[in-house]
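Just so it is clear, the model here is predicted, and its values are computed rather than measured.
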Protein chains: 2
Amino acid sequence: MSRTRGSVTIDDVARHVGVAKGTVSRVLNNYNDISETTKKRILQAVKDLGYQPSATARNLKRGRQDTLGIVIPVGHGSGADPFLAEFIDGIARALDELGLDLLVTTAHSRDHTIESLKRLIARRKVDGFIVTRTEVDDARIAYLKEHNFPFVAHGRTSDPSGYAWFDIDNEATFADGVRHLYSLGHQRIGFIGGTLELNFALQRLQGYRQGLEALGLPRDEELESVQDLSERGGIAGAEALLALPSPPTALLCATDALAIGAIQFCRKFGLKPGSDVTVLGYDGLPVGEYLDPPLTTFSQSAQDAGARVARMLVDVLDGADPQALQSLARADLIRRASDGAPSMTPEALAGVLRDRLNKQPHSGNKGE
Amino acid sequence: MSRTRGSVTIDDVARHVGVAKGTVSRVLNNYNDISETTKKRILQAVKDLGYQPSATARNLKRGRQDTLGIVIPVGHGSGADPFLAEFIDGIARALDELGLDLLVTTAHSRDHTIESLKRLIARRKVDGFIVTRTEVDDARIAYLKEHNFPFVAHGRTSDPSGYAWFDIDNEATFADGVRHLYSLGHQRIGFIGGTLELNFALQRLQGYRQGLEALGLPRDEELESVQDLSERGGIAGAEALLALPSPPTALLCATDALAIGAIQFCRKFGLKPGSDVTVLGYDGLPVGEYLDPPLTTFSQSAQDAGARVARMLVDVLDGADPQALQSLARADLIRRASDGAPSMTPEALAGVLRDRLNKQPHSGNKGE
DNA sequence: CAGTTTTCCGAAACCGATTTTGTTGACTTA
DNA sequence: TAAGTCAACAAAATCGGTTTCGGAAAACTG
């Protein structure tokens, strides 16, 4: 039996039973104008022949694909975002229960993303989209709204009205982060974030600022470092902030990747993360547990988020009002060991680091 | 403009130009029995109206979906495999160039996997499958072979004939690993692997054994530990092997996750990975670079693997002989800092560990 | 028992493309 | 000049379903 050929069609079933194919279709779609006896005979034949309706044919008539799409932004060779991997896992699990499928595409630039959306829409391969990593001014969302194509966003934009979204309360969470660090005794708190075009990056920075303000701490722009959202960016951010004349004793990072880089930098220069410098991440990546020290981080379940967003999109497709489908969640602080009371003052820290930066790093990679 | 309604069809184009829709179709499919003038007029109309053919309708007639499928095995809540994330990224990139799409499904058990395959095949949603994480005796491959449905495997099975696959030479790679450790001065080398139902896990164990044999080292089953393929498994494996009366001074791990766990265990008991105990991983996960110490590991590019497998599947769909599409690659050793000459004899190591195991761990997580 | 409803199902239209078959007029050819 | 060729397209069949329409028989009415 090859691909299409040989597979049993609704006509085969109809012929086998001796009814019209419309009748078979009606039985399979639970119309109630079929007598019990024919219904039984048809169901039996369906079973005997192993008939399964062709999704393609059904979709053509119905105009639905029973398929959702997601276009994943990927940096140039930067590798997959571990958060997204779990997010997709969550989506797939939810869709599995609903009998839907997920079409995954990657895009390596903003234009490419829009093109992928266009293509998928024009060729009618998906019924709706899940949009991730929303930007403050998001071209995808603008496009989808304009063309009135169903979608749900994971994350908001500067104007969060008129569409369905699920997001974390970034501002509250990062204000909490500041409060937590303050309660540990930190007075100078640095922030390492990502490009402010990304909505969550902007909001986390704002949350950081709000947290400072609420505690009456002064805001110092020197303590805010915007970097690539990667481990490398974390290293650069830590370096920039810790090299300050009066460095922060705690680093609040917008993502775990940044925090991992920051920790790496600290270790490299002999600063003990968790006491000499406190590092807080965000994402709750599983691998954080196995770092040295294990990373204290805010966690939202990526899997839950995926499942939730998927179900929201299904609701939208079923005709729910997108406006009514907007929900904000909180992330929980998972305390591990990268945070603690400061072991020295910013000035002392600066002294220690000044020495070390001029000499060799304390311990580096070998063999490279 | 809502989902299906309003989108321009081939009929619209035909009417607009004043030709039959078959003519439009022939123009778009590069038939050569159309005059240049009508061709131009039609092409212009296509552009003006922004017409894109419906994939559904085309597929129905053609019997092809231009969509590939992948069913991802996911452990019960264990989270997504970072390797798979990059693998999928690679597939998506390759398919993007070819104008194909990728349908992603997750499955949480063997039965569920087969059911997903069945459903996708029966409903004709995909043209072929990419099978990952092959098992020694793989039900998916058996099923697909039996039903003569196109697929390519990433990894082999006990009988690697009759289908297309791409795999790493696990045996050679792990024999290399043993040789490397031996050349560093290690004589007692342990292996932490995964369930032997997974083909790569079995082959890596065999490679480890072959490596020992080639060097004339004795094989000691005590030094082989089979664990869950997770960080947790790595911890358990390290504990089991290092608690031996004569523990290994080097741990060869089947995956990075295992190695990460093993390192965690070492650190917890004050053993310095890279000198007191050497740990070797496999996968080349990006995060390995940011561990303490950075993980020495074998690397294959998951992205390349994905791209490669995708292209192979396209070849199969184009009629290539699967038998001829089998290829074996090598993984490269990336030396970072978790390997080195042993700092003590197995006996000394046992002594150190005996003390520490009975007391408190050297440094653990706090706040839990 | 004739007229009206229901019940149940066959026939056909339809979804939007591709592909096959048929038709037309222009152009060759004998 | 009648017959045959060919280029260029129209018309219709087809893919495998869903849905609309309508009709025969059975079941109710009064």
Side-chain angles (χ1 to χ4, degrees), chain A residues 2-43 45-46 49-67 119 121-125 127, chain B residues 2-43 45-46 49-67 99 121-125 127:
Chain A
S2 178
R3 256 168 289 167
T4 353
R5 311 227 295 146
S7 59
V8 352
T9 75
I10 199 171
D11 273 310
D12 297 329
V13 177
R15 232 186 334 260
H16 191 259
V17 182
V19 296
K21 63 175 180 175
T23 307
V24 176
S25 176
R26 277 194 298 262
V27 167
L28 262 24
N29 290 287
N30 293 318
Y31 282 58
N32 52 3
D33 60 346
I34 305 289
S35 73
E36 271 310 312
T37 52
T38 27
K39 190 170 180 174
K40 234 175 240 162
R41 280 167 56 217
I42 289 176
L43 253 23
V46 165
L49 299 178
Y51 167 72
Q52 286 232 43
S54 150
T56 316
R58 159 180 294 172
N59 294 340
L60 178 56
K61 177 66 186 181
R62 282 220 188 131
R64 285 192 355 189
Q65 315 307 128
D66 291 339
T67 303
R119 191 174 62 84
I121 293 176
R123 316 204 95 124
R124 278 138 280 183
K125 292 203 79 157
D127 298 323
Chain B
S2 177
R3 257 169 287 168
T4 356
R5 311 225 297 146
S7 60
V8 352
T9 75
I10 199 171
D11 273 310
D12 297 329
V13 177
R15 228 183 341 256
H16 191 259
V17 182
V19 297
K21 62 177 179 174
T23 307
V24 176
S25 176
R26 276 195 300 266
V27 167
L28 263 24
N29 290 285
N30 292 319
Y31 281 60
N32 53 2
D33 61 344
I34 306 288
S35 74
E36 273 307 312
T37 52
T38 23
K39 191 169 180 175
K40 233 173 245 165
R41 280 169 54 219
I42 289 177
L43 252 24
V46 165
L49 300 178
Y51 168 71
Q52 286 230 43
S54 150
T56 316
R58 157 180 294 172
N59 294 339
L60 176 55
K61 179 65 187 185
R62 281 224 188 127
R64 283 193 357 192
Q65 315 308 128
D66 291 338
T67 302
I121 293 175
R123 315 205 96 126
R124 278 140 280 181
K125 291 203 78 155
D127 298 323

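Among D:dC9, C:dT18, D:dG17, the nucleotide with an atom closest to any side-chain atom of B:T38 is D:dC9. Across C:dG16, C:dT18, C:dG10, the shortest atom-to-atom separation from the side chain of B:T9 is found for C:dG16. The side chain of A:A20 lies closest to C:dG10, out of C:dG10, D:dG17, C:dT18. Nearest nucleotide to the side chain of A:A57, out of D:dG17, C:dA11, C:dG16: D:dG17.
Counting to the nearest Å, the P atom of D:dT18 and the CZ atom of A:R58 are 5 Å from each other. Between B:K61 atom NZ and D:dC15 atom C1' the separation is 6 Å, expressed in whole Å. Look at CG on A:N29: it is 18 Å from P on D:dG16, rounded to the nearest Å. Regarding A:N59, its CG atom lies at a distance of 14 Å from the C1' atom of C:dA17, rounded to whole Å. Summarising the geometry, the separation between OH on A:Y31 and C1' on D:dT18 is reported as 6 Å, rounded to the nearest angstrom. Regarding B:L60, its CG atom lies at a distance of 12 Å from the P atom of C:dG16, rounded to whole Å. Atoms CG (A:L28) and C1' (D:dG17) sit 11 Å apart, rounded to a whole Å. Here D:dC6 presents its C1' atom at 13 Å from CG of B:N32, a figure rounded to the nearest Å.
Put simply, the side chain of A:K21 and the base of D:dG17 share a donor and an acceptor less than 3.5 Å apart. A donor-acceptor contact under 3.5 angstrom links the side-chain atoms of A:R26 to the base of C:dG10. Side-chain N/O atoms of A:D33 and base N/O atoms of C:dC9 include a donor-acceptor pair closer than 3.5 Å.
In this model, the phosphate group of C:dC8 is not approached by any side-chain N or O of A:S35 to a distance below 4.0 Å at OP1 or OP2. In this model, the phosphate group of C:dT18 is approached by a side-chain N or O of B:S25 to a distance below 4.0 Å at OP1 or OP2. Phosphate proximity of C:dC9 to A:T23: absent, as no side-chain N or O sits under 4.0 Å from OP1 or OP2.
Residue-level contact check: B:V19 touches the backbone only, with heavy atoms under 4.0 Å from sugar-phosphate atoms and none from bases.
Among B:N59, B:T56, B:D66, B:T67, the single residue meeting the side chain to side chain donor-acceptor pair (under 3.5 Å) criterion with A:K125 is B:T67.
The structure places CG of B:L49 at 10.5 Å from CZ of B:R15, a figure rounded to the nearest 0.5 Å. Atoms OG1 and NZ, on B:T9 and B:K21 in that order, are 8.0 Å from each other to the nearest 0.5 Å.
Contact of the A:R123 side chain with the B:S54 side chain is not registered, since no non-hydrogen atoms from C-beta on lie closer than 4.5 Å. Side-chain contact between B:V17 and B:V24: absent, with no pair of heavy atoms (C-beta onward) separated by less than 4.5 Å.
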